[in-house]
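Computed from a predicted model, the values in this text were never measured in an experiment. Order of the sequence lines fixes the chain letters, A, B, ..., with proteins taken first and strands second; residue numbering starts at 1 for each chain.
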Number of protein chains: 4
Amino acid sequence: MAMKVKDNSPPNSAARGRGRPRSDSARRAILRAARELIEENGPTALTMEGIAARAGVGKPTIYRWWPDRHSVAMAALMESESAVSSSGSNSRSPLEALQRQLRKVVALFATSMGRNVTTMIASADHDSELSKAFRNHFVLARREEGRSLLLQAVDRGEIRPDADVEIVLDMIYGALFFRLLMGHAALDDALVKQLLEEALRGLRRRQRRASK
Amino acid sequence: MAMKVKDNSPPNSAARGRGRPRSDSARRAILRAARELIEENGPTALTMEGIAARAGVGKPTIYRWWPDRHSVAMAALMESESAVSSSGSNSRSPLEALQRQLRKVVALFATSMGRNVTTMIASADHDSELSKAFRNHFVLARREEGRSLLLQAVDRGEIRPDADVEIVLDMIYGALFFRLLMGHAALDDALVKQLLEEALRGLRRRQRRASK
Amino acid sequence: MAMKVKDNSPPNSAARGRGRPRSDSARRAILRAARELIEENGPTALTMEGIAARAGVGKPTIYRWWPDRHSVAMAALMESESAVSSSGSNSRSPLEALQRQLRKVVALFATSMGRNVTTMIASADHDSELSKAFRNHFVLARREEGRSLLLQAVDRGEIRPDADVEIVLDMIYGALFFRLLMGHAALDDALVKQLLEEALRGLRRRQRRASK
Amino acid sequence: MAMKVKDNSPPNSAARGRGRPRSDSARRAILRAARELIEENGPTALTMEGIAARAGVGKPTIYRWWPDRHSVAMAALMESESAVSSSGSNSRSPLEALQRQLRKVVALFATSMGRNVTTMIASADHDSELSKAFRNHFVLARREEGRSLLLQAVDRGEIRPDADVEIVLDMIYGALFFRLLMGHAALDDALVKQLLEEALRGLRRRQRRASK
DNA sequence: GGATAATCGAGACGGTACGTCGCGTCTTCAT
DNA sequence: ATGAAGACGCGACGTACCGTCTCGATTATCC
């Protein structure tokens with residue numbers, strides 16, 4: 001009995017195996033079914049049997065690609081067209097772009113997706129690779145974009161160079177997450193505005209003069 | 001802060017029924033067993049049968065008072081000696097007290113309890129009364145303490161009166177929560193210091209030399 | 001001058017003391033509830049809790065009189081108005097009376113009661129006193145009546161005196177029971193007629209001469 | 001005697017499904033465990049969990065093939081080597097063979113098996129296919145054998161041709177069953193002798209040689 | 001082209017836990 | 001000081017999924 005190697009990289013270059021190759025269509029059907037089921041009933045109600053049934057796939061086929069239910073759910077969500085990429089960077093200034101991006105984040109959080117993602121993060125293994133990738137994909141990547149924009153602002157002299165960017169980022173994104181999780185106060189565009197105001201208070205330079 | 005969750009406190013009010021009163025020792029045994037099991041294996045591995053077995057109690061007795069596993073877990077954790085109450089108010093200044101309190105929060109987060117609580121919050125119903133009580137007990141109550149301290153600081157003139165306290169609070173506590181959930185950066189006393197520094201930058205009035 | 005008694009409640013309040021007057025009414029309510037429940041759903045579906053609820057009685061009160069569910073069921077059925085007593089003694093001959101009685105037995109078996117009684121008998125302890133009483137009440141008492149009639153027939157010279165009455169009785173009543181239990185053939189008046197014919201074949205004396 | 005009960009015979013016919021075929025060893029283990037437990041504690045004390053535990057089988061596997069406890073019990077008993085088949089028919093005459101067979105029936109009734117079977121019959125659904133099969137297997141099949149023998153006796157001229165065989169059969173087998181259920185009189189070989197005597201009285205033709 | 005081999009669907013398997021029902025016992029309060 | 005109300009420990013119920021293990025059928029590569 002050869003050791004079974006979990007290999008979930010689908011286009012595994014030169015197919016050396018002799019047998020029937022893995023069906024990528026099955027893989028896609030699985031993820032699609034999982035995504036739909038999550039959106040319909042939430043990630044808690046997701047079951048392997050439900051996925052298999054809807055995808056028209058045998059359960060072992062799912063287990064061939066992912067080790068457990070959680071992983072399938074994460075993979076499914078990560079392949080969503082969620083994007084949230086703040087690609088549209090036709091902003092005049094980094095801080096404006098940051099504000100625009102935060103609004104997108106807020107909009108994402110407002111959907112069921114937001115809560116689903118949060119649930120997944122909190123109930124995940126926290127140390128597994130997939131879990132890290134998941135957090136990175138959905139949250140930390142946003143934070144990275146924000147960092148990039150903040151650093152641009154520093155470069156442009158809009159922000160004081162001695163600002164502790166990491167802390168500021170955690171304050172901003174953490175505040176949004178906090179309101180999502182706690183639900184004690186609104187999570188909307190007005191919050192984004194105030195948040196930026198308060199987080200950057202004392203960090204802004206007088207731009208007119210700085211630009212001179 | 002009376003926040004009635006449901007009715008799992010036996011001598012709740014009038015209407016002292018005629019039947020045998022509920023056994024408070026059973027109630028305590030259940031919560032104790034749940035607490036221990038959570039600390040041993042995490043809240044995910046908690047099962048009703050496990051609780052019943054360890055508590056020496058029948059399963060129906062548990063279901064008589066809590067609707068599901070999640071509720072038992074929340075109730076169990078809420079009866080822990082978590083405390084965290086920043087009662088020790090022998091601080092010279094509100095901001096120092098705030099720092100001390102934040103350190104306690106960080107210390108709590110660092111324990112397994114921290115992660116457990118987080119998991120519970122994120123996977124809960126979010127709208128149920130018990131869930132709200134839970135969030136309030138473990139997180140928002142800390143935030144309330146922080147608000148009280150911040151307002152004291154405003155009163156004393158240490159903080160500018162036009163500060164948006166709510167936003168500042170969410171930035172501070174949200175940042176801590178964010179690091180706990182994401183695990184992308186340290187969550188320690190140094191963070192507390194920097195966080196306060198950054199959050200209050202531009203809000204402080206007369207910077208005293210007392211800060212050491 | 002007798003005081004007007006305002007106690008118009010059913011139980012004869014013999015014992016005024018501090019409280020045991022309701023016992024017998026509770027007992028009757030229990031049996032009544034049990035009887036109704038058995039007729040509605042069969043003896044298998046009978047539950048103590050159902051009886052207590054319908055009778056408006058606490059469970060311990062039931063257990064004060066009967067040791068278990070089965071006993072309550074038996075007692076309930078035995079207090080039914082089933083009777084079946086072949087009281088009608090306006091028969092010209094014992095054998096006619098026997099036939100009439102057997103028809104009554106068949107009629108009883110045809111009701112749900114018949115099957116219920118059978119189920120009770122077969123699932124009972126078989127050795128308990130109550131169980132014996134039950135069998136006697138519902139089945140053996142009929143057989144006793146039949147024996148009496150058969151013996152009368154012998155006395156009158158309608159049946160040969162060397163007939164083995166016990167065996168004949170078991171053949172007759174056993175055949176009815178057998179058809180009830182097995183359901184392989186009809187259980188009706190025609191059967192009664194044929195049965196008597198066959199069971200008594202060879203036992204009959206020439207009645208014409210005997211009567212002369 | 002093909003009497004399809006449901007579909008608990010694995011290689012039943014065509015329609016060889018695509019999934020993993022049912023494990024016949026599991027099926028046998030279940031029936032064996034059920035049989036043993038019934039013999040140990042009676043059919044009333046039989047539990048699905050007990051069967052599953054002893055058979056080393058999951059509960060759902062049992063429920064996959066039988067709808068309830070009763071059906072398992074019946075199937076288990078029916079697979080016993082009870083047989084009782086009066087195959088050994090080296091008798092000189094059908095009536096002798098009948099007597100021999102009845103003695104076997106009495107012997108079976110005398111074992112715990114007898115009472116168990118009776119309990120099962122009385123507490124069964126009575127209309128379900130399995131229940132009919134059960135009654136047929138354990139009781140009516142014996143009656144069928146008896147009928148065959150009686151008809152042989154008619155053919156040979158030992159029994160009058162106008163005898164109502166069905167009635168006679170019910171009288172004979174019913175009487176045995178009656179004594180088993182009621183327990184009011186002995187159930188032994190002597191009974192068999194008397195029973196045949198009485199049931200066939202008036203039906204026998206040439207009795208001269210029979211009487212010494 | 002035929003053999004070989006891995007994957008596919010389907011679904012049964014041994015399990016664990018679920019949430020419910022009813023048992024027979026106990027405890028308290030109102031009568 | 002009895003009796004209704006009802007909670008208790010317990011045990012079994014029947015169900016939902018888990019993750020694993022056969023099956024026959026399919027689809028590729030290798031010889």
Verify the contact: side-chain N or O of [X] to OP1 or OP2 of [N], cut-off strictly under 4.0 Å; return yes or no.
X	N	value
A/R69	F/dC18	yes
D/W66	F/dG14	no
D/R20	F/dT22	yes
D/T61	E/dG14	yes
B/R22	F/dG6	no

Q) side-chain hydrogen bond (donor to acceptor under 3.5 Å, both in side chains) with B/N41: which residues, sequence neighbours excluded? A) none
Q. Can you name the salt bridge (charged side-chain N to carboxylate O under 4.0 Å, His left out) partners of B/E39, sequence neighbours left out?
A. none
Q: Just jot down the salt bridge (charged side-chain N to carboxylate O under 4.0 Å, His left out) partners of A/R32, sequence neighbours excluded, or say none.
A: A/E36
Q: Could you identify which residues of residues 40-54 of chain B place a heavy atom less than 4.0 Å from some atom of DNA chain F, listed by residue number, or say none?
A: none
Q: Only pairs at least two apart or in different chains count here, so list each salt bridge (charged side-chain N to carboxylate O under 4.0 Å, His left out) that has a residue in residues 67-77 of chain B.
A: none
Q: Only pairs at least two apart or in different chains count here, so list each salt bridge (charged side-chain N to carboxylate O under 4.0 Å, His left out) that has a residue in residues 118-128 of chain B.
A: none
What is the distance, to the nearest angstrom, from the [atom1] atom on [X] to the [atom2] atom on [N]?
X	N	atom1	atom2	answer
C/D24	F/dG3	CG	C1'	14 Å
D/L37	F/dA12	CG	C1'	14 Å
D/R64	E/dA10	CZ	P	17 Å
D/D68	F/dA12	CG	P	17 Å

Q) Where the side chain of B/Y63 is defined as all heavy atoms beyond and including C-beta, which of F/dA4, E/dG19, E/dG22 is the nearest nucleotide? A) E/dG19
Q: Look at the side chain of D/A26 and decide which nucleotide, out of F/dC8, E/dC13, E/dT20, has an atom nearest to it.
A: E/dC13
Q: Decide whether a cation-pi geometry holds between B/R27 and B/W65; the criteria are a distance under 6.0 Å from NZ or CZ to the six-membered ring centre and an angle within 45° of the ring axis.
A: no
(Q) On DNA chain F, compare the nucleotides closest to A/P60 and C/G56; which residue's is nearer the 5' end? (A) C/G56
(Q) I'd like to know if B/K59 reaches the base of F/dG9 with its side chain such that a donor and an acceptor end up less than 3.5 angstrom apart. (A) no
(Q) To the closest 0.5 Å, what do you measure between CD1 (B/I30) and CD (B/E79)? (A) 11.0 Å
